[in-house]
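Following: one structure in structure tokens, then a few remarks.
Lettering of chains follows the sequences in order, A, B, ..., and the numbering in each one begins at 1. Basis for what follows: all heavy atoms, side chains included, without hydrogens, waters or symmetry-related copies.
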There are 2 protein chains.
Amino acid sequence: MTFFNEQPITSADKTFFQLRKEIVEGEIVQGSKLSETELSTKYSVSRAVIREAINRLEASHLVERKANVGARVVSLTAEGLLELYQVRESLEGMAARLAALNMTDQEITDLQSLLSSHFNEVKSGESYYQEAGDVDFHYRIILGSKNKHLISMLLDGIYHLVRMYRVQLGMSGPRVTTAYDEHKHIVQAICNRDAELAEMLMRRHILYSKSSIENKLEHTMQ
Amino acid sequence: MTFFNEQPITSADKTFFQLRKEIVEGEIVQGSKLSETELSTKYSVSRAVIREAINRLEASHLVERKANVGARVVSLTAEGLLELYQVRESLEGMAARLAALNMTDQEITDLQSLLSSHFNEVKSGESYYQEAGDVDFHYRIILGSKNKHLISMLLDGIYHLVRMYRVQLGMSGPRVTTAYDEHKHIVQAICNRDAELAEMLMRRHILYSKSSIENKLEHTMQ
DNA sequence: AACCAACAAATTGTCGACAAAGTTACAGTA
DNA sequence: TACTGTAACTTTGTCGACAATTTGTTGGTT
């Protein structure tokens with residue numbers, strides 16, 4: 001799911017996207033070592049493009065590197081999840097605040113119609129909502145902040161790590177309808193241009209979803 | 001001022017630090033193009049290490065890159081400064097909140113003594129405070145959050161850009177003593193383990209310092 | 001058996017050269 | 001003169017080879 005217009009230009013782009021996908025979806029298992037020579041033969045590219053891809057993965061917090069030693073895929077831990085959601089709470093709260101100030105009326109209208117189409121899916125019992133729908137909702141609010149740094153930190157930075165936790169913990173479960181209500185209230189606040197409230201609601205929304213995913217992690221990992 | 005233990009290992013490390021320093025301090029002027037071949041002859045290293053350094057500068061939001069075109073140093077603008085401080089407010093607010101929860105008693109004691117040594121400097125009229133002292137104060141609170149993502153986003157990420165604005169706008173001016181009072185209240189909140197208040201005070205502190213630096217920018221540019 | 005040192009193997013870091021894409025200059029045409 | 005297409009040139013992207021560092025192994029000594 002590359003849901004925003006990220007089209008690869010160079011060979012390093014393609015390799016980076018491919019590697020990121022495989023890491024997020026667990027095809028390359030967490031904690032495993034990324035050998036440059038190995039990957040270069042696997043993808044039929046030179047080590048230079050592999051190195052560039054790994055550098056970018058490091059900037060995305062998906063791998064960790066040590067000089068003269070190599071790169072490893074990050075490991076998913078309860079502490080890591082907690083820290084990740086603390087950052088999310090902070091940044092997305094600010095995104096909601098700014099979205100209430102900076103989104104155009106048209107963008108807000110689109111967001112509302114997106115939400116009502118989600119409502120129909122939820123009512124008809126499709127589980128599609130939580131995965132793509134939730135991401136789409138948050139995605140639009142982040143863009144609505146119109147803050148370049150915020151956008152790149154969230155979308156290029158930590159969001160793929162969030163997805164990695166979600167995917168590898170087999171996200172689905174309940175919390176679909178309650179999340180819908182929370183989304184509705186956030187949109188309402190944005191529509192009213194109530195920045196203060198929008199931030200507060202978004203922070204609470206993320207706190208709730210953290211608890212939800214935390215349970216899964218406790219049960220999944222020993 | 002590399003105030004935290006960042007010691008270069010590889011040649012790319014050294015080049016990265018050097019380039020970052022020159023960009024932050026304005027020796028390489030904002031908006032200028034970074035030619036790979038040119039830099040490689042200037043620093044007597046291969047283009048490979050220059051490319052890695054530029055990639056890292058891009059991850060630090062200090063340069064912008066376009067595929068098959070090249071990299072340019074970012075330009076300092078009023079909008080960019082606003083966006084940067086919005087992110088700072090968000091992240092450092094959370095850092096203060098977490099610091100109130102996670103700093104050890106010893107770390108808090110050290111922070112208090114740091115503050116009182118600052119007080120003496122302020123009282124004796126040294127302007128040293130605003131530059132290094134302020135950075136040191138924020139630095140400790142960020143580390144005190146004990147949140148890996150928060151720390152790397154702030155210290156590796158946006159803090160050098162903050163310094164770039166400060167240095168190139170010739171930071172000094174007033175606001176020294178008032179900032180000291182704000183710092184004092186933040187430390188007090190942390191000492192009381194009042195996370196809510198610590199976050200609120202830090203956010204207001206950053207908002208104030210934004211207004212201060214914004215004035216300078218209006219007067220300095222065009 | 002445990003420890004240390006030197007050596008061997010594998011991996012990462014660095015380099016110069018070639019390929020590909022973009023930019024500029026110039027000539028030709030309308 | 002303005003515009004367009006082509007060609008030369010410059011810059012970035014990619015590659016394979018070499019250098020430097022780390023890791024694993026083997027041999028010897030206590």
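Note on B:Leu34: only backbone sugar-phosphate atoms sit closer than 4.0 angstrom, heavy atoms only; bases stay farther off. At a threshold of 4.0 angstrom between heavy atoms, the contacts of B:Ile50 with the nucleic acid are absent.
One can place CG of A:Asn55 at 12 Å from P of C:dT12, the figure rounded to the nearest angstrom. The separation between A:Arg65 atom CZ and D:dT22 atom C1' is 15 Å, rounded to whole Å. Atom CZ of A:Arg47 is separated from atom C1' of C:dG16 by 15 Å (rounded to the nearest Å). Taking atom CZ on B:Arg56 and atom C1' on C:dG13, their separation rounds to 12 Å, with Å as the unit. Atoms CD (A:Glu52) and C1' (D:dG13) sit 8 Å apart, rounded to a whole Å. A straight line from CD1 of A:Ile54 to C1' of C:dG13 spans 13 Å, rounded to a whole angstrom. Between B:Phe16 atom CZ and C:dG13 atom C1' the separation is 17 Å, expressed in whole Å. At whole-Å resolution of the value, CD in A:Glu36 and C1' in D:dC15 are 14 Å apart.
Where A:Ile9 and B:Asp13 each meet DNA chain C at their nearest nucleotide, the meeting point lying more 5' is that of B:Asp13. Residue whose closest nucleotide on DNA chain D sits further toward the 5' end, between A:Asn68 and A:Val45: A:Val45.
Expressed to the nearest 0.5 Å, how far NE2 of A:His61 lies from CE of B:Met153 amounts to 4.5 Å.
For A:Thr10, whose side chain is taken as the heavy atoms from C-beta onward, the closest listed nucleotide among D:dT21, D:dT14, C:dT14 is D:dT14. You'll find that the side chain of B:Val49 is closest to C:dT14, out of C:dA21, C:dT14, D:dT21.
Cation-pi contact between B:Arg140 and B:Phe137: absent, since separation from the ring centre below 6.0 Å together with deviation from the ring axis within 45° is not met. B:Arg20 forms a cation-pi arrangement with B:Phe16, by the criterion of a distance under 6.0 Å to the ring centre and an angle within 45° of the ring axis.
Taking only side-chain nitrogens and oxygens, A:Arg51 never comes nearer than 4.0 Å to OP1 or OP2 of C:dT11. An OP1 or OP2 oxygen of D:dT14 is reached within less than 4.0 angstrom by no side-chain nitrogen or oxygen of A:Ser46. Taking side-chain N and O atoms only, B:Lys33 has no distance below 4.0 Å to OP1 or OP2 of C:dG22.
With B:Ser90 contributing its side chain and A:Ser90 its backbone, the two residues share a donor-acceptor pair below 3.5 Å.
Taking the six-membered ring where tryptophan is involved, the planes of A:His138 and A:His205 are essentially parallel, since the angle between them stays under 30° and well short of 60°.
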